[in-house]
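To start, the structure under review is shown below, and the notes come after it.
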Amino acid sequence: MEKVYELLLLFSSYLILALINVFMPYFTRRTESFGVSIPEEVFEEEILKDLRKRYVIISSVIVLLITVIFSYLYFSGPPEMGMRYFTIGMIILILSLFAVYLKFHFQMKKIKSEKKWYEGKVQTIVMDINFRNEKLTYSNLWFLIPFMATVVMAILIYINYDIIPEQIPTHFDFKGNVTTWKEKSYLNVYWPTLTQLFMIGMFIFVNSIIGKAKQQISASNPGKSIEQNKIFRKRWSLFTIIMGSGTVLLFAFVQLTFIYQISPKIMTAVIGVFTLVAILGSVYLSITTGQGGSRIKVTRGLDGQEIDRDDDKYWKLGQFYFNPEDPAVF
């Protein structure tokens, strides 16, 4: 039973990653299909619906096969090979799904070439010059909360350094038993503090990028698209602040175990619950918000006759944007 529980924890991130990739065509903008630019009104055409369904079926079969194979290896192999099988399975899953994506990407390019959706259409780039004047993200000052917690914890560690055991735990198994110990030193007891400071800086950077990222406004309904994009940035900014602060506070909780007798099982449970909430929260936000806010329901704006410019030449394999003339950094 213990091994089943361990497997479920390990593979939770694996399965959620798989589900996001399997249903990826339904999360992207309606002006994109498998990394190929399309007019928004053709998104519901039967040929594209069929393409999305086939992608889901093929990807689901691949995920199922990989899951069955590596679950069997995990249970039948030696215990020390468990994490290695998990890592190999994750890599194979990502590469396999990317290979499937590429197959459908090139099929989509062929369909687009045959359909000639862009012929006779006015292709437009829409920019809102007042977009940056609005508050698109929540303030980075919210990160003062985890920063102050980090400072307080660092002071607490310094004051109580003498009572910290000579051996400090650094790794636990799924039953809460300590599997790795390290000698007490200022570097080892303050390593979580350094990690916390780095993570605060990283999350501030991510939150800033959310606000500075390039505008992508639909030419057919710019009013609606602008509103969706604003909500999209606000939601992800709030999620970044909450999860970033929670992660930093989680490290502070781990440091408390250096000073106080906290059951390893309680610590393991807290980390497991937080990780699960973070993963499920990101999945929920992805499903309800969509790429660039494409799944957010707003009523602002009327559909027009213009369509977005065909930017396929700037997207390599539909994934990597390269346009030396674009001033947007992110």
Side-chain angles (χ1 to χ4, degrees), residues 6 9-10 12-14 16-17 83-84 86-87 90-91 137-213 236-282 329-330:
E6 183 176 340
L9 284 177
L10 279 175
S12 59
S13 57
Y14 163 89
I16 290 171
L17 172 69
M83 277 303 299
R84 190 170 300 179
F86 169 75
T87 304
M90 183 74 85
I91 293 172
T137 60
Y138 291 93
S139 173
N140 282 325
L141 290 176
W142 283 105
F143 287 106
L144 282 174
I145 296 174
F147 177 77
M148 291 307 298
T150 301
V151 172
V152 169
M153 197 65 238
I155 295 172
L156 194 62
I157 288 288
Y158 179 79
I159 294 173
N160 294 278
Y161 185 80
D162 289 339
I163 68 172
I164 296 176
E166 293 302 317
Q167 294 285 327
I168 56 175
T170 58
H171 189 268
F172 302 83
D173 62 19
F174 285 90
K175 293 178 68 177
N177 299 316
V178 180
T179 57
T180 305
W181 299 83
K182 284 190 177 180
E183 295 284 342
K184 182 177 76 171
S185 68
Y186 280 104
L187 177 60
N188 286 334
V189 297
Y190 277 112
W191 186 253
T193 303
L194 298 175
T195 304
Q196 286 169 303
L197 294 174
F198 171 78
M199 293 180 72
I200 290 171
M202 181 187 70
F203 282 113
I204 289 175
F205 178 66
V206 170
N207 192 45
S208 300
I209 286 180
I210 291 173
K212 296 179 183 297
W236 278 106
S237 172
L238 180 61
F239 183 80
T240 299
I241 291 171
I242 293 174
M243 287 296 105
S245 299
T247 303
V248 173
L249 293 175
L250 192 63
F251 272 83
F253 177 70
V254 171
Q255 281 181 300
L256 283 176
T257 64
F258 298 164
I259 304 171
Y260 303 106
Q261 293 296 320
I262 299 176
S263 171
K265 292 183 179 180
I266 293 177
M267 191 183 73
T268 303
V270 169
I271 294 174
V273 170
F274 178 81
T275 303
L276 186 62
V277 170
I279 293 172
L280 293 179
S282 63
V329 178
F330 303 109

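Count residues from 1 along the sequence.
The shortest distance between side-chain heavy atoms of Ile259 and Met153 falls below 4.5 Å. The shortest side-chain heavy-atom distance between Ser245 and Trp142 does not fall under the 4.5 Å cut-off.
Residue-environment remark: OH (Tyr161) exceeds the threshold of 12 foreign heavy atoms within 6.0 Å. No more than 12 heavy-atom neighbours from other residues, nucleotides or ligands sit within 6.0 angstrom of CZ on Phe147. Counting non-hydrogen atoms of other residues, nucleotides and ligands closer than 6.0 Å to CH2 of Trp236 gives a total above 12.
Closest heavy-atom contact between Met199 and Val248: CB-CG2, 4.4 Å. Closest approach of Ala154 and Thr193 over heavy atoms only: CB-CG2, 4.2 Å. Between Ala252 and Gln196, the closest heavy-atom pair is N-NE2, 3.3 Å.
To the nearest 0.5 angstrom, Ile200 atom CD1 is 11.0 Å from Ile145 atom CD1. Atoms OG1 and CD1, from Thr137 and Ile241 in turn, are 7.0 Å apart once rounded to the nearest 0.5 Å. Atom CD of residue Gln255 and atom CG of residue Asn160 lie 12.0 Å apart, to the nearest 0.5 angstrom. Taking CD1 of Ile204 as the start and OG1 of Thr240 as the end, the distance is 12.0 Å to the nearest 0.5 Å. Atom CD1 of Ile242 is separated from atom OG1 of Thr247 by 11.5 Å, given to the nearest 0.5 angstrom. Put simply, CZ on Phe239 and OH on Tyr138 are 14.0 Å apart, with the number rounded to the nearest 0.5 Å.
For Asn207 and Ser237, the side-chain atoms include at least one donor-acceptor pair closer than 3.5 Å.
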